Amino acid sequence: MVRPRIVPRDFYLDAPDVVARGLLGKLLVRRYESGPHTKPQRLAGRIVEVEAYFGVDDPAAHTFAGKTARNAVLFGPPGFAYVYFIYGMYFCLNISCEPDGKPGGVLLRALEPVEGLDTMARLRGLDSTAKPRLLTSGPGRLCQALGVVRDTHNGIDVTRLRSGLHVEDDGFVPEEIAVSTRVGIRKAADRPLRFAIAGNRFVSR
DNA sequence: GGAGCGATGTCCT
DNA sequence: GGACATCGCTCCG
């Protein structure tokens with residue numbers, strides 16, 4: 001392992017499938033403050049499952065029908081969080097990629113929890129003895145475990161420490177990447193754009 | 001352990 | 001009005 005370093009904006013300039021593969025093994029880190037007088041805590045998980053969404057020629061992408069108020073972040077510069085509300089209950093987190101003006105993003109689907117598991121369990125409404133797998137295996141679950149919500153996090157820069165949500169590289173490199181089709185979509189459901197660390201227990205489903 | 005299904009808010013057709 | 005990049009519960013094997 002290397003001294004952890006924040007993943008720079010250049011990393012996110014590439015096409016969604018390239019960025020998606022590259023994100024596997026990186027750490028998603030949240031600086032979480034439970035109250036005004038408590039000191040911030042690090043919540044961190046290793047990214048083990050992602051999906052790529054192309055901007056224009058991908059019918060499954062939120063950006064397929066053009067720019068709207070909701071998806072504007074995906075049309076902006078790379079390295080920003082796109083958080084949206086789904087099924088009336090959950091949030092999902094993407095990171096924008098491609099140059100400014102060209103839409104594209106990567107959905108984070110599962111983490112292997114690394115730091116702050118107790119707090120993650122509490123935020124998920126689970127007992128601290130709950131199986132770690134229930135904390136962050138799934139796009140809605142990982143947002144809940146890290147306290148990621150749209151009001152606070154949509155549009156923030158994940159290449160800045162002060163954002164409170166960033167991605168860092170500690171040198172971990174996955175041995176093998178498993179490729180499959182994306183989960184939970186109807187359109188373009190046959191495209192091989194889901195990537196996961198092969199054999200990792202924290203991959204969803 | 002897996003299929004089926006209801007909950008529930010926001011956005012665009 | 002319908003679809004939705006989900007989850008957790010029930011029921012069945």
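Keep in mind that this is a model prediction, so the values were computed, not measured. Protein chains get the first letters and strands the later ones, always in sequence-line order, with residue 1 at the start of each. Computed over heavy atoms, backbone and side chain alike; hydrogens, waters and symmetry mates excluded.
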For A:Leu117, side-chain contact (heavy atoms from CB on, under 4.5 Å) partners two or more places apart: A:Pro113, A:Pro132, A:Leu135
side-chain contact (heavy atoms from CB on, under 4.5 Å) involving A:Phe172 - partner list, sequence neighbours excluded: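 Scan of A:Phe172 (side-chain contact (heavy atoms from CB on, under 4.5 Å), adjacent residues dropped) gives A:Met1, A:Arg46, A:Asp170, A:Pro174, A:Ile197.
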A correct 5'-to-3' footprint of nucleotides 8-13 of chain C, with B, S and - meaning base, sugar-phosphate only and no protein heavy atom under 4.0 Å, is S-----
For DNA chain C, the dot-bracket notation using Watson-Crick and G-U wobble pairs below 3.5 Å, [ ] for pseudoknot-type crossings and | for other-strand pairs, is ||||.|||||||.
Can you hop from A:Phe54 to A:Tyr84 via hydrophobic side chains spaced under 4.5 Å? no
Same cluster or not: are A:Val83 and A:Tyr53 linked, directly or through other Ile, Leu, Val, Met, Phe, Trp or Tyr residues, by side-chain heavy atoms under 4.5 angstrom apart? no
Sequence neighbours excluded, which residues qualify as side chain to side chain donor-acceptor pair (under 3.5 Å) partners of A:Tyr82?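 For A:Tyr82 the side chain to side chain donor-acceptor pair (under 3.5 Å) partners, ignoring immediate neighbours, are A:His62.
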Going by side chain to side chain donor-acceptor pair (under 3.5 Å), name the residues that satisfy it together with A:Arg194, two or more places apart in sequence or in a different chain.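 Counting only residues at least two positions away or on another chain, A:Arg194 forms a side chain to side chain donor-acceptor pair (under 3.5 Å) with A:Glu49, A:Ser180.
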Heavy atoms only, 4.0 Å cut-off, all strands: where does A:Arg150 land among base, sugar-phosphate and nothing?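 A:Arg150: backbone/sugar contact only, no base atoms under 4.0 Å.
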Mind listing the closest non-hydrogen atom pair of A:Ala52 and A:Ala20 along with its distance? CB-CB, 4.2 Å
Applying salt bridge (Lys or Arg N to Asp or Glu O under 4.0 Å), which residue pairs with at least one partner in residues 2-25 of chain A are found, sequence neighbours left out?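 Applying salt bridge (Lys or Arg N to Asp or Glu O under 4.0 Å) to every pair that reaches into residues 2-25 of chain A, excluding sequence neighbours, yields A:Arg9-A:Asp157.
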side-chain contact (heavy atoms from CB on, under 4.5 Å) between A:Leu107 and A:Arg182: does it pass, once the steps are laid out? CA-CA 10 Å; A:Leu107 170 70; A:Arg182 295 175 294 186; over 6 Å; no
Heavy-atom side-chain proximity of A:Leu165 to A:Val148 below 4.5 angstrom: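 Yes, close enough: below the 4.5 Å cut-off.
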When rounded to whole Å, the CZ to P distance for the pair A:Arg194 and C:dT6 reads 11 Å
Suppose we screen for salt bridge (charged side-chain N to carboxylate O under 4.0 Å, His left out). Which residues come up paired with A:Lys26, at least two apart in sequence or across chains?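 So A:Lys26 forms no salt bridge (charged side-chain N to carboxylate O under 4.0 Å, His left out) with any residue.
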On DNA chain B, which is the earliest and which the latest nucleotide, 5' to 3', with an atom closer than 4.0 Å to a heavy atom of chain A?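 First and last nucleotides in contact are B:dA7 to B:dT13.
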Among pairs that include at least one residue of residues 141-150 of chain A, which meet side-chain hydrogen bond (donor to acceptor under 3.5 Å, both in side chains), considering only residues two or more places apart or in two chains? A:Arg124-A:Gln144
Which residues end up grouped with A:Val114 if you chain together Ile, Leu, Val, Met, Phe, Trp and Tyr wherever their side-chain heavy atoms are less than 4.5 Å apart? A:Leu27, A:Val29
Shorter than 3.5 Å, N or O on both sides, protein versus nucleotides 3-5 of chain C: list them out with atom names.
unit_1, atom_1, unit_2, atom_2, d
C:dC4, OP2, A:Arg186, NE, 3.3
C:dA5, OP1, A:His62, NE2, 2.9
C:dA5, N9, A:Tyr84, OH, 3.4
C:dA5, N7, A:His62, NE2, 3.0
C:dA5, N1, A:Asn94, OD1, 2.4
C:dA5, N1, A:Asn94, ND2, 3.2
C:dA5, N3, A:Tyr84, OH, 3.1

